[in-house]
Amino acid sequence: MRALITPLLFVIATLVGCGEKEVVQTVDWYKSQDTERKAMIIKCKANPGELALAPNCVNAKQADNEKALSRRGWLTPSTADFGKSKD
């Protein structure tokens, strides 16, 4: 039985590693690439069950939000100090 399980696990592990790898783009890249950003957002909205948390979907949505906020004149807030002194 053990002799059957070990090769089976090896085959499964090999097949899992053979999946198509998509290059993950950064938020800054999506900010500079309007066409690709819009295409990725459309792709993500078409299949939210699988792609909602995919890195490219998250980065494209973040880039879109940041561009929208910059058009509105939103400033990035500074981090909270919470009483830490700078002595």
Side-chain angles (χ1 to χ4, degrees):
M1 180 71 163
R2 183 175 259 178
L4 179 65
I5 292 175
T6 304
L8 183 62
L9 289 176
F10 177 75
V11 170
I12 290 171
T14 304
L15 291 176
V16 169
C18 291
E20 185 177 317
K21 304 281 182 173
E22 184 176 5
V23 176
V24 176
Q25 301 295 348
T26 64
V27 173
D28 290 331
W29 186 87
Y30 277 117
K31 284 166 109 175
S32 65
Q33 306 293 326
D34 290 336
T35 307
E36 286 83 359
R37 182 182 69 250
K38 291 174 184 177
M40 181 57 68
I41 290 173
I42 290 170
K43 179 180 173 183
C44 297
K45 285 182 179 180
N47 191 358
E50 277 187 38
L51 300 175
L53 298 177
N56 277 325
C57 289
V58 172
N59 289 347
K61 289 175 191 174
Q62 180 67 30
D64 197 50
N65 289 338
E66 288 182 14
K67 285 192 69 118
L69 290 174
S70 70
R71 285 192 300 269
R72 295 180 188 133
W74 175 267
L75 300 175
T76 304
S78 59
T79 56
D81 189 3
F82 296 116
K84 294 180 183 175
S85 63
K86 296 181 181 179
D87 294 338

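No experiment lies behind these values; they were computed from the predicted model shown.
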Just verifying a value: how many Å separate D64 CG and N59 CG, rounded to the nearest 0.5 Å?
12.5 Å
Taken in chain and number order and not counting sequence neighbours, the residues that satisfy side chain to side chain donor-acceptor pair (under 3.5 Å) with K61 are none
Side-chain cluster (under 4.5 Å, hydrophobic types only) that V23 belongs to, other residues
none
Can you tell me how far OG1 of T26 sits from CG of N56, rounded to the nearest 0.5 angstrom?
9.5 Å
Of all pairs that satisfy disulfide (SG to SG under 2.5 Å), the ones with a partner from residues 33-71, not counting sequence neighbours:
C44-C57
Test of understanding: with side chain to side chain donor-acceptor pair (under 3.5 Å), list the residues that count as partners of Q33, not counting sequence neighbours.
none
What residues join V27 in its hydrophobic cluster, counting side-chain heavy atom gaps under 4.5 Å, either direct or through other members?
none
Identify, with sequence neighbours excluded, every residue that meets salt bridge (Lys or Arg N to Asp or Glu O under 4.0 Å) alongside K43.
E22
What closest approach, in Å, do R37 and A63 show between heavy atoms, and which atom pair accounts for it?
CD-CB, 3.9 Å
Clusters formed by hydrophobic residues whose side-chain heavy atoms approach within less than 4.5 Å: which one holds W29, and what are its other members?
Y30, M40
Output all residues satisfying salt bridge (Lys or Arg N to Asp or Glu O under 4.0 Å) with E36, sequence neighbours left out; order by chain, then residue number.
none
Straight-line distance of K38 NZ to I41 CD1, nearest 0.5 Å:
9.0 Å
K67: partners by salt bridge (Lys or Arg N to Asp or Glu O under 4.0 Å), with sequence neighbours left out:
D34
Once side-chain contact (heavy atoms from CB on, under 4.5 Å) is applied, do any residues pair with A46, and if so which ones, sequence neighbours excluded?
none
